[in-house]
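Since the structure comes first, as structure tokens, the remarks are kept for the end.
Throughout, a chain's letter reflects where its sequence line sits, starting with A, and its residues are numbered from 1. Heavy atoms only: backbone and side chains are in, while hydrogens, waters and symmetry mates are out.
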Number of protein chains: 2
Amino acid sequence: MTLPYAFPMKTQRESTPARSRPLRADAERTVTAILEAAERTLSRDPAATMEQIAEAAGVARTTVHRRFATREALIDALAGWATERFAAAVDAAHPDTAPPLVALYQTTANVLGVKVSWGFAMSQASSVNPEVARVHSGVRDTCERLFRRAQEAGVLRADIDIPWTRRVYYALIHEAAQNRNEQDTATLATLVVDTLLRGAGTPHPDRL
Amino acid sequence: MTLPYAFPMKTQRESTPARSRPLRADAERTVTAILEAAERTLSRDPAATMEQIAEAAGVARTTVHRRFATREALIDALAGWATERFAAAVDAAHPDTAPPLVALYQTTANVLGVKVSWGFAMSQASSVNPEVARVHSGVRDTCERLFRRAQEAGVLRADIDIPWTRRVYYALIHEAAQNRNEQDTATLATLVVDTLLRGAGTPHPDRL
DNA sequence: ACGACTTGCAACACAGATGATGCAAGTAGC
DNA sequence: GCTACTTGCATCATCTGTGTTGCAAGTCGT
């Protein structure tokens, strides 16, 4: 049994997808097709079978098993694949250096771009794979650092609970990502950030 | 095969749990134990087996099958059981008659009470059971009516998108319900409503 | 105390999914 | 064009979960 596409190999020191040796171009395309089909299929039904995934990818089920030894290995690779993009999306927004509000918008937009396409894969944060968990945990820290900077800059209130706010932020992104309908990520990001910062209430409500 | 505990029977006109005839007291307790164990078990792992549920309930798997013909019937009954409480919780808050802000707090607190205990069951809104779907859809309408009243009363901004705001509200309740840790529903409701109305931003931020 | 009901246990049938293998046909890359 | 790689197909073994049944032991309600 060769294991040509296993995401973070335990024997590897970094998160780059590793395989025993380079795949031929056609096999490479097949692997990609399988991962994309897996995302599409599993986001609709997380309990979808290998057969359904194979069909969606346009290959035979045995081919899927040739590339991913087990179902778990496939999902693991999928989670890794998306986690790489996730980390890159966050990184590209310079969340630790850009002005807080700019960083918030940019990070949101970038993450939404990944989340819309890789929703299922990104939901596998509590993966068996320690590398995936590590990246998600790292992003969580980055997010909370950004929120603290936003507090210091007076963008976020001083009295908010940061872990709670982060969870709300994640939930907003999740909800926005369901709106795949036509909306571009910039519009969705505006909606998310606006909702997070201003809420839905009036500035000075006549109570009751 | 008798089907002693099937939630909303198609031949019944209302949502009251119906069974062919009353169960003996011990059997009644068993049914309750199974439903509670199912909630506990499935909220941890939605793919949990009947065996695991039976074990959690302290009964044999065959007993579970005696009370619920199929796995689907069990989940359906669970969804119905929780949906009854959900509808009652919303109703008790007088969402259509109390002042908007009062109704919002009270509904939130009541729903959180149910959601904390019946999180999995309440996530089965898109149940095969049309009665369950009808109740959830009704609550959704009630919620949006309340939001419109809140707008008219100046509690919610006039420019918000109501469906989006409702989804955000649901997401906040969901997140808050994860905080089972010690917090009472009144505190959590305050947090949810406060976050929904005010967001996390400062009233007049020095932009950037 | 009696009868009806309920439960646990052992056993079975069955369906569906996973994973492996050998072979023949086709394709990429040198 | 040659070789190594890749794929589809047919097939098989295995496992797990679901749902059923019969029976013996125990319990509820009257």
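We find that NE2 of A:His65 is positioned 14 Å from C1' of D:dC12, with the value rounded to whole Å. The CZ atom of A:Arg67 sits 10 Å away from the P atom of D:dG8 (whole-angstrom rounding). Atom CZ in B:Arg71 sits roughly 13 Å away from atom C1' in D:dT16 (whole-Å rounding). The interatomic distance linking B:Ile75 (CD1) with D:dT18 (C1') rounds to 13 Å, in whole Å. Remark: C1' of D:dT18 and CG of B:Leu74 are 13 Å apart, rounded to the nearest angstrom. Rounded to a whole Å, the CD atom of B:Glu28 is 16 Å from the P atom of C:dC5. Between the C1' atom of C:dT7 and the CZ atom of B:Arg66 lies a distance of 6 Å, rounded to the nearest Å.
Near DNA chain C, defined here as any heavy-atom distance below 4.0 Å, the residues from residues 40-59 of chain B are B:Gly58, B:Val59, listed numerically.
Comparing D:dG8, D:dT7, C:dG19 by their closest approach to the side chain of A:Thr30 singles out D:dT7.
Annotation: cation-pi geometry satisfied between A:Arg166 and A:Tyr170 (NZ/CZ under 6.0 angstrom from ring centroid, within 45° of ring axis).
A salt bridge is absent between A:Glu152 and A:Arg149; no separation between the charged side-chain nitrogens and carboxylate oxygens falls under 4.0 Å.
Residues A:Arg145 and A:Thr142 have side chains that bring a donor and an acceptor to within less than 3.5 angstrom of each other. Between B:Arg85 and B:Asn110, the side chains place no donor N or O within less than 3.5 Å of an acceptor N or O (distance only, hydrogens not considered).
Within a 6.0 Å sphere centred on CD of B:Glu55, other residues, nucleotides and ligands contribute 12 heavy atoms or fewer. Environment of CD in B:Gln178: crowded, with over 12 heavy atoms of neighbouring residues, nucleotides or ligands closer than 6.0 Å.
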Worked verdict on A:Trp118 versus A:Ser43 for side-chain hydrogen bond (donor to acceptor under 3.5 Å, both in side chains):
CA-CA 8 Å; A:Trp118 301 95; A:Ser43 66; over 6 Å; no
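Taking CD of B:Glu144 as the reference point, atom OG1 of B:Thr165 lies at 9.0 Å (rounded to 0.5 Å). For the atom pair CZ (A:Arg67) and CG (A:Leu23), the distance works out to 5.5 Å, reported to the nearest 0.5 Å. The line from CD1 of A:Ile34 to OG1 of A:Thr41 is 11.0 Å long, rounded to the nearest 0.5 Å.
For the OP1/OP2 pair of D:dG8 and a distance below 4.0 Å, the side-chain nitrogens and oxygens of A:Thr63 include at least one atom meeting the criterion.
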Pairwise N/O distances under 3.5 Å, protein to nucleotides 11-13 of chain C:
none

Using a 4.0 Å cut-off on protein heavy atoms (strictly under), produce a 5'-to-3' string for nucleotides 24-30 of chain C with B for base contact, S for backbone-only sugar-phosphate contact, and - for none.
---BSS-
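Closest of all the heavy-atom pairs between A:Ala56 and A:Ala37 is C-CB, 3.7 Å.
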